[in-house]
Number of protein chains: 2
Amino acid sequence: MTVQHSGGGPPDRTLALLWRKTQPTPDRARGRKPTLQLDTVVDTAIALADERGIAAASMGNVAKALGVGTMTLYTYVPSKEELLDLMVDQVLLERRLPGPGDDRPADWRAQVELYSDETRAMFSRHPWLARVSTIRPPVGPGMLAAREYLLSTMFALGLPPARANLAALAIATYVDSAAGAEAESELIERTTGQTNDAWWHERGDLWENYFDVDRYPTMTAVWNDGAGGGTSYGGGTREVSTQAYRFGLDHLLDGIAAGA
Amino acid sequence: MTVQHSGGGPPDRTLALLWRKTQPTPDRARGRKPTLQLDTVVDTAIALADERGIAAASMGNVAKALGVGTMTLYTYVPSKEELLDLMVDQVLLERRLPGPGDDRPADWRAQVELYSDETRAMFSRHPWLARVSTIRPPVGPGMLAAREYLLSTMFALGLPPARANLAALAIATYVDSAAGAEAESELIERTTGQTNDAWWHERGDLWENYFDVDRYPTMTAVWNDGAGGGTSYGGGTREVSTQAYRFGLDHLLDGIAAGA
DNA sequence: CGCTATTCTCGTATACCCTACGAGAATTGA
DNA sequence: TCAATTCTCGTAGGGTATACGAGAATAGCG
């Protein structure tokens, strides 16, 4: 399944929810006391998605986990879309990225490395994040903090503002998508109980019945070289994925540094 | 919504469907004649998804568009998952990428450029592709052709097999995800009838009420430089996205070339 | 204390989604 | 002709989100 979001209600309401920690919420005295807290709802949804994938974080499941009726959730959140936005920004905020005054690695490259490490760890904890669209993202503190940090590393490299912006976007695109793929792969292995190697192995027919060496000479060469990662092509083994990630990031940064 | 796939039935059946054009299908004389063809089903589903997003390509909608009962589709396709796989590989195959013997640009860089152009065009025609998970992809002719081609461009650059594999994976990761984001952005503009600029503008409250210049000095600098792309941050205007894409690809290739 | 305004709770109902099952229709070879 | 085979698709069951409205709980006021 796919996940859209950020379409729904008035943006003011969503923004208020996203920034609730920064901005004090007006307290209302009147009326029945709430049983839950927004944070509890969001955290529960995240926990469910972490464990069994984004589909498990349905309104019904979240409510059941909290021991309330499904419709009760709608007191805390205008819609599922909003909940998703909150989940995303909550998780984006988990990354420990130094802010303006904080200590950080001296080298710009190490700074980017920190972004990469934190992002990969975040995706690893929350693999479902990879399946949420980031077009029109929840513009919350989490998203802004990450963008600010990455942008500042490009300033540290000495890029002028316009180039720094482009470079930060390119790096974020690469890191986020690669880290997302990696994490999603692990989630699928966990939830299906089948390793990726086993999955490829199950498709052994392919190589025998359909694969034509003349049509795919280069793949064959890589295969014979043993570089495909054993039993698999197409992303292949965990080691190959990790190596490919490093390779891509290193060379992207090389290229950016060379052009600085 | 999110889209999973490639889990379901026996892999043999799926592979047979995916490779149906290459492999002749056994003809059966007995029994009622089918009203539809598999290709028609797949094409209809693709058309629906192209126009109104992946969610519109439901079994019910596809059947309605074809003027048959919903359950009729299950004669042609074992499940929705399989249909999705077929849609994906069909679309992957649209890219005009030269095969082993075919003419191609002489320069390896131009060859990669061709992959990039064809991929962007493909995503532009089929924006929903961005929301389909590519872990455990449909291992059909479309996927293999693209991998073969990209791999061969890295051979053209002179990389040894193992490095070529890593480089091809890195480039595919970057190009596919950037192109996907771009296309999805256009789809959202089209289906919501709201441009991205308008969307950001609607969030004007943010900058006034929540944005803290001290917390986000670098973003502020970029903003003041006019590099944010007018009204937006976070990916921003179409021009900024396109520039960022070019910037990233060029520098990634620079880095790979430098390390060759 | 009682009343009222306010707020939260959540059962019911609607409208989608996928798909298992099985009855019936169509076709062909025997 | 009729049996075997294959395709068609209505019904039903279990999932999803959420609109609506009735009822419960609370705070403050008279």
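By convention in this document, chain letters (A, B, ...) are assigned in the order of the sequence lines, proteins followed by strands, and residues within each chain are numbered from 1.
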Q. Pairs in or reaching into residues 50-64 of chain B: which pass side chain to side chain donor-acceptor pair (under 3.5 Å), with residues at least two apart or in two chains?
A. Asp50(B)-His126(B), Asp50(B)-Trp128(B)

Q: Check the pair Glu182(A) / Arg120(A) against salt bridge (charged side-chain N to carboxylate O under 4.0 Å, His left out), numbers first and verdict last.
A: CA-CA 8 Å; Glu182(A) 190 182 6; Arg120(A) 289 182 63 195; 2.5 Å; yes

Q: Using a strict 4.0 Å threshold on nitrogen-to-oxygen distance, state whether Arg125(B) and Glu94(B) make a salt bridge.
A: yes

Q) Once you round it to whole Å, what is the distance between C1' of dC17(C) and CG of Leu73(B)? A) 14 Å

**Q.** Arg131(B)/Glu184(B) ion pair, N-O < 4.0 Å
**A.** yes

Q) OP1, OP2 of dC10(C) versus side-chain N and O of Thr72(A): anything below 4.0 Å? A) yes

Q.
I need the CG-C1' distance between Leu36(B) and dT6(D), as an integer number of Å.
A. 14 Å

Q. Going by atom types only, do Thr14(B) and Glu82(B) share a side-chain donor-acceptor pair under 3.5 Å?
A. yes

Q.
If you only use heavy atoms from C-beta on, which nucleotide in dT19(C), dC9(D), dC7(D) is closest to the side chain of Pro34(B)?
A. dC7(D)

Q: Classify the ring geometry between Tyr174(A) and Tyr245(A) as parallel (under 30°), tilted (30 to 60°) or perpendicular (over 60°).
A: parallel

(Q) To the closest 0.5 Å, what do you measure between CD1 (Ile54(B)) and CG (Leu129(B))? (A) 8.5 Å

Q | Spacing of Ile54(B) atom CD1 relative to dC17(C) atom P, expressed in whole Å | A | 13 Å

Under 3.5 Å, which protein N or O atoms sit close to an N or O of nucleotides 10-16 of chain D? Give each pair with its distance.
{"unit_1": "dT16(D)", "atom_1": "OP1", "unit_2": "Ser58(A)", "atom_2": "OG", "d": "3.1"}

Q) Using a cut-off of 4.0 Å between protein heavy atoms and nucleotide atoms, how would you tag nucleotides 25-30 of chain C 5' to 3' with B, S and -? A) BBBBS-

Q: Report the residue (Pro78(B) or Tyr76(A)) whose heavy-atom-nearest nucleotide on DNA chain C is the more 5′ of the two.
A: Tyr76(A)

